[in-house]
Amino acid sequence: MSEERSLNFIEEIVEEDIAAGKNEGRVLTRFPPEPNGYLHIGHAKSICLNFGLAKKYNGATNLRFDDTNPVKEDVEYVDSIKDDVRWLGFNWANELYASDYFDKLYEFAVELIKKGLAYVDDSTPAEIAAQKGTPTEPGTPNQYRSRSIIENLELFAEMKAGKYPDGAKVLRAKLDLAAPNMHLRDPLMYRIKHAHHHRTGDKWCIYPMYDFAHGQSDAIEQITHSVCTLEFVPHRPLYDWFINKLNIFPSKQYEFARLNLNYTVMSKRKLLQLVEEKHVDGWDDPRMPTISGLRRRGYTPASIREFCERIGVAKRENMIDVGLLEFCIREDLNKTAWRRMAVLDPVKLVITNYPEGQTEIFSGENNPEAEDGDGSREFPFSRELWIERDDFMEVPAKKYFRLGVGLMVRLKNAYIIKGEDFVKDADGNITEIHCSYIPESRSGNDTSGINVKGTIHWVSVAHAKTAEVRLYDRLFKVEDPGNEDGDFKDYINPDSLQIIPNAYIEPDLANAVSGTPVQFMRKGYFTLDKYSIPDKLIFNRTVTLKDGWAKKGS
RNA sequence: UGCCUGAUAGUAUAAUGGUAGUACGACGGUUUUUGGUACCGUUUGUCUAGGUUCGAAUCCUGGUCGGGCAACCA
């Protein structure tokens, strides 16, 4: 019962509405993506909000594609959006499309023309812009504004019939050219586009603008709370105006601040650019803040939902630290991911007093966080092991409690060893470390009485399997690449992907299952990439483990 | 020099005229066969100037700073 949580301002509004008996207590929200790109973590915030509201107040949520601009939209995006919403764990009441309402919207437009509230304008885009004036100067009406209702009706019908080329005419609301809110200066309702639509095909050559589609779609569906982001605040008077003049269901619009995450970009335009210019491996590149990218990276739906819960909902601009997202996935995976050993940057360790050719089988629990360790698996131990290069220091730093000459450390689930010596090549790189082991320190049966501070992971050289491991870092070098001088792409982090072609993994890891996260002990959480095959395993690092030691170093 | 919006620890987010709290981060400690986890502790905040009030983060006025708005995009 986490009912301790205080309400966000939208939940407050909903509760007030319910208490006041508005809409008979009914709550119906919608999630209205335009199918012109893949969903990202910012959309996840909106999805969690809209679907969460409905869930909390016994309502429902429609998935409505805002597909009023055929030249930018595509079924590929429709499909990915549905996948992503489902993957996040939400079910929509109805799958709908603004294009379902094109006929109705056309009737609405005719109705407004008949009421003298809309007119056909033959001006060019430049002329219309000029006639709109500026924020400090009112706009000026043109000759078309006073066309008769009859003429407007005829022209609009001709627009629909395809008599005019793209851009020749538009339908505009007759509102207020002097309005201080620029959106009210006779906004466009329809434009001519002889374009093929992904659902309506070639039926239409005129398409409604957002402002003449969204509110009416909400009203048609009887959406009670239409939740969108802050940039639509100035559109709200228009939203209400159309609903009022059309005398249709009074949906209400509420706006919240969109999510900004540091070290990434969140605009579909920029994400599209990264994809098209091949800076990343598609929309689902694990470095992308897209839902599909996060999924491929190894994020879980629960971790993303938790993240959206923690960031809250308010109206002030915000910049969330990506560290919070990382906290959420660690918190989730810590409880569920099985532990395995893998050596990413190997150096050979030779146990000089361990018999050559001997092999012992050790076991380790799958997850120390689980009740009974969640079972266990076995792995072989022998005289030569791979260990992590940075688990040995030629000249140990103070408080370094791993391996060094004369230093003792435990090999996880095996013996305590003592560093004895090391071998270097001509370039001065350490190629081999020699140590001795304490036979009485066998894991689970330790009678040595020795206490060591450090424990390191290892993989037997003779038994190790290999895998490609991909380490990801933030995609951009700066917190807010979209707000820096110059092109945001100038700030791409050149080291955002590091590929380790041949990491050594413990034998059991050969059985890794796609979609099942695993923790490489002391290294982080990993998941199989979509291109991984049994003959060539590829692991993506989802996130590192928190590393208190590394932090002090830097 | 128009209109709309917003401003609470480093980052987010509560407190709805009555003790400024929570989370993440940072820092310190305990436990630990993951320098992980868990647990404990510390640190840092109401943009500013007035006003109303017994009492203001909250209400009022002025200012400052941030964001948005003049696409045949959504």
Side-chain angles (χ1 to χ4, degrees), chain A residues 4-8 12 32-34 36 66-69 71-73 98 121 123-125 128-130 132-139 166-172 179-185 188-193 206-207 209-211 213-214 228-237 255 257 262 268-269 310-321 323-328 330-331 334-335 339 341 364 367-369 399-402 409-414 416 441 443-444 446 451-457 519-524 544-552:
Chain A
E4 297 296 321
R5 252 199 87 252
S6 52
L7 304 177
N8 65 49
E12 278 180 14
E34 181 187 15
N36 67 342
D66 225 329
D67 55 351
T68 58
N69 188 2
V71 301
K72 288 189 176 173
E73 296 152 7
D121 192 327
S123 307
T124 64
I128 288 179
K132 271 194 183 176
T134 68
T136 50
E137 303 161 50
D166 288 5
K169 287 177 165 47
V170 292
L171 183 71
R172 288 226 253 172
N181 179 345
M182 296 297 288
H183 292 281
L184 265 26
R185 319 250 264 225
L188 272 58
M189 294 163 60
Y190 269 91
R191 75 285 218 193
I192 299 171
K193 275 181 196 281
I206 57 173
Y207 292 93
M209 300 289 289
Y210 168 87
D211 284 313
H214 204 97
C228 61
T229 46
L230 250 28
E231 67 266 34
F232 293 101
V233 169
H235 295 248
R236 188 175 354 112
E255 313 86 6
N262 58 9
K268 280 200 238 176
R269 201 195 96 251
R310 283 174 180 264
I311 58 177
V313 178
K315 298 188 80 155
R316 59 187 95 98
E317 296 290 326
N318 59 80
M319 174 71 81
I320 308 285
D321 193 324
L324 183 62
L325 219 207
E326 296 179 341
F327 167 83
C328 291
R330 285 191 188 108
E331 183 190 42
N334 176 51
K335 284 179 271 176
R339 273 56 169 175
M341 292 196 283
N367 187 347
E369 298 299 312
K399 290 187 104 175
Y400 178 81
F401 35 88
R402 282 172 267 173
V409 74
R410 175 173 291 279
L411 293 169
K412 179 71 185 172
N413 290 125
I416 291 175
S441 65
S443 186
D446 186 345
N451 262 322
V452 292
K453 276 287 251 230
T455 300
I456 64 173
H457 60 279
Q519 183 194 107
F520 289 180
M521 297 200 90
R522 306 206 301 135
K523 292 276 102 180
T544 61
L545 255 32
K546 217 166 105 184
D547 187 349
W549 172 255
K551 242 162 224 163
K552 279 179 205 173

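The chains referred to below are lettered A, B, ... by the order of the sequence lines, with proteins before strands, and numbering in each begins at 1.
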*asked:* Using side-chain heavy atoms (C-beta onward) and a distance below 4.5 Å, is H183(A) in contact with P237(A)?
replied: no
Salt-bridge present ([X], [Y]; N to O < 4.0 Å):
X	Y	result
K72(A)	E34(A)	no
E137(A)	K132(A)	no
R172(A)	D121(A)	yes

How far does the [atom1] atom of [N] sit from the matching atom of [M], given to the nearest Å?
N	M	atom1	answer
C40(B)	G25(B)	P	15 Å
U22(B)	G62(B)	C1'	34 Å
A71(B)	U52(B)	P	47 Å
U11(B)	G45(B)	P	13 Å
A26(B)	G10(B)	P	15 Å
C27(B)	U33(B)	C1'	27 Å

What contact category does [X] fall into here, base, sugar-phosphate, or nothing, at under 4.0 angstrom with non-hydrogen atoms?
X	answer
R339(A)	base
Y207(A)	nothing
K453(A)	nothing

*When you match N8(A) and E317(A) each to their closest nucleotide on RNA chain B, which lands nearer the 5' end?*
N8(A)
*Nearest-nucleotide wise, let me know which of R191(A) and R410(A) is further upstream toward the 5' end of RNA chain B.*
R410(A)
Please determine whether any donor N or O and acceptor N or O are separated by less than 3.5 Å between the side chain of [X] and the base of [N].
X	N	answer
E255(A)	G6(B)	no
R330(A)	G36(B)	no
H235(A)	A74(B)	yes
T136(A)	U1(B)	no

*Pair assignment for C3(B), Watson-Crick or G-U wobble, requiring both distances under 3.5 Å*: G68(B)
_Qualifying residues under salt bridge (charged side-chain N to carboxylate O under 4.0 Å, His left out), relative to R339(A), sequence neighbours excluded_ = none
